[in-house]
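Only one structure is covered here, and it is reproduced in the block below.
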2 protein chains.
Amino acid sequence: MTTKEIKHVPEPVLRRLPRYLQILTRLKEEGIKEVSSTRIADELRLDSTQVRKDIEFTGIIGKPKTGFLVPQLIHAIESFLNWDNVTDAFLVGAGSLGTAILGYPGFNNYGINIIAAFDSNPEKAGGTIRNIPIFHIDKLPDLSHRMHVHIGIITVPAAAANEVATMMIDGGIKAIWNFAPVQLRVPKEIIVENVLLHASLSVLTRKLGQSIQDQK
Amino acid sequence: MTTKEIKHVPEPVLRRLPRYLQILTRLKEEGIKEVSSTRIADELRLDSTQVRKDIEFTGIIGKPKTGFLVPQLIHAIESFLNWDNVTDAFLVGAGSLGTAILGYPGFNNYGINIIAAFDSNPEKAGGTIRNIPIFHIDKLPDLSHRMHVHIGIITVPAAAANEVATMMIDGGIKAIWNFAPVQLRVPKEIIVENVLLHASLSVLTRKLGQSIQDQK
DNA sequence: TTTTAATCGAGAAAAATATATCGAGAAATT
DNA sequence: AATTTCTCGATATATTTTTCTCGATTAAAA
């Protein structure tokens, strides 16, 4: 068979690759040409075998004794994650969190380019943040279709999230980056990636509670 | 042995519990008194056995045919996560993301209470957000010790994150909620919970890239 | 040139996590 | 009262993810 089998990539792998990239970028700036899996693993407190197996997914092969070529590995990871070219995105919910995301220029390094924002508050429409225009939410379906936008970012309150998700999907959006602490009910062909801050805090507060209790 | 054995709780469990809580809170508002694991599982697209096992960690036992008592389960989860009383927290980095977090009142429902913020920019010192005062970063060590703060939130750029973490630890902070996309080098008794937005985006952009390629 | 040290990658093993099976109990229905 | 339906929780199984072992390879040091 000639077609390359696209093996399924576990999510934990996808979550570690950007962390490798962060280290690699720093090493490149320092002028370091080669890096071993051991070094990456030590910096991130991981197992070196795990790092090697993760890298294997990107198709890069290393060399004994010296490891991997830094620039080559950077390119491979970026390409693997589709970070070598940005995908346009819409953001809905220009509240404090939405504004913060709009104001952060770094996401262009992570494969997305926010080209417009939307809000239900008419007073916010017409404004811009970092040259990104803010429209009234009513404009979303039409603009989304016309501009062929594939990624939607939800930063509205939980109560409004599902309604926004439906609008996005009607507008042709295929992947949703959801910050609302609620389950989105969407067709299963829609990709949903949640950022659940409460779920992150639960880990922190539980562990802290336990560690304080253990001291007693 | 009389001392109750504190079983280790897997992180995936801790991350699901707040999601159950979200549903339970909604059900309670709707006046629903009982809920089955099946119902929770269906809403979150999980397995009902998994939901039951997760709930088991909180110590609550259900009843055949009817399931679990909503208010009792809410209380048990909140107590389990230490969300029945808030822990004071400091935030460092009053940029756009830091400001967004300061501006969001909801974290008090998730076990933390931000009582002060810090920034290296002297112009920001003296201001307040939602009545939370902003100080210059130099004040952190002293205030942290005096107020016995245990949680630190890092919302500074990656390059400054480790320096801030060290200051926090010197100030007696035991748990760090880190939003900087960088590995914190801290003693292992310090609890670190990362919110890595790039790691979340990598999952989204990779899946989207694959789904587009699969269509061809 | 020989030896040593560091690394990769294949495969095996272990650990963690998720899912399936099923008997028993409780409520509703017949 | 008997039957049906729904659910729990104990146990077993399956799957996923991580870690360990080890021979082969490369570069540097002796």
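What you see is a predicted model, and the numbers here were worked out from it, not measured in a lab. In what follows, every heavy atom counts, from backbone to side chain, and hydrogens, waters and symmetry copies are set aside. By convention in this document, chain letters (A, B, ...) are assigned in the order of the sequence lines, proteins followed by strands, and residues within each chain are numbered from 1.
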Verdict with supporting geometry, B:R206 and B:Q210, side-chain hydrogen bond (donor to acceptor under 3.5 Å, both in side chains): CA-CA 6 Å; B:R206 166 74 194 182; B:Q210 284 303 106; 3.3 Å; yes
Salt bridge (charged side-chain N to carboxylate O under 4.0 Å, His left out) between B:E43 and B:R19, intermediate numbers included: CA-CA 10 Å; B:E43 289 212 25; B:R19 303 175 66 197; over 6 Å; no
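Here B:T66 does not reach the OP1 or OP2 of C:dA26: none of its side-chain N or O atoms lies under 4.0 Å away. The phosphate of D:dT7 (OP1 or OP2) has no side-chain N or O of B:K63 nearer than 4.0 angstrom. Regarding contacts with the backbone of C:dC8, a side-chain N or O of A:S37 is found under 4.0 angstrom from either OP1 or OP2. At least one side-chain nitrogen or oxygen of B:R52 sits closer than 4.0 Å to the OP1 or OP2 atom of D:dC8.
Note on A:R39: nothing from the nucleic acid sits closer than 4.0 angstrom, heavy atoms only. Across all strands shown, B:S48 has no heavy atoms under 4.0 Å from either base or sugar-phosphate atoms.
We find that CG of A:D47 is positioned 15 Å from P of C:dG9, with the value rounded to whole Å. The distance from atom CD1 of B:I61 to atom C1' of C:dG25 is 12 Å, rounded to the nearest whole Å. Rounded to whole Å, the distance from CZ on B:F57 to P on D:dA10 is 13 Å. Across the protein-nucleic acid pair, B:I55 atom CD1 and D:dC8 atom C1' stand 11 Å apart, rounded to whole Å. Atom CD of B:Q50 is separated from atom C1' of D:dT15 by 13 Å (rounded to the nearest Å). Rounding to whole angstrom units, CD1 of residue B:I60 and P of D:dT7 are separated by 19 Å. Taking atom CG on B:L44 and atom P on C:dT19, their separation rounds to 13 Å, with Å as the unit. Remark: P of D:dA27 and NZ of A:K33 are 17 Å apart, rounded to the nearest angstrom.
Between B:N194 atom CG and B:I154 atom CD1 the span is 9.0 Å, to the nearest 0.5 Å.
When the nucleotides C:dT17, C:dC8, D:dT17 are ranked by their closest atom to the side chain of B:P10, C:dT17 comes out on top. The side chain of A:E56 lies closest to C:dA10, out of C:dA10, D:dC8, C:dG9.
A donor-acceptor contact under 3.5 Å links the side chain of A:K53 to the base of C:dG11.
For A:F90 and A:W177, the ring centers sit 6.0 Å or farther from each other.
When each of A:K65 and A:T49 is assigned the nucleotide of DNA chain D bearing its nearest heavy atom, the one mapping closer to the 5' terminus is A:T49.
Other residues, nucleotides and ligands place no more than 12 heavy atoms under 6.0 Å from the CD1 atom of B:I61.
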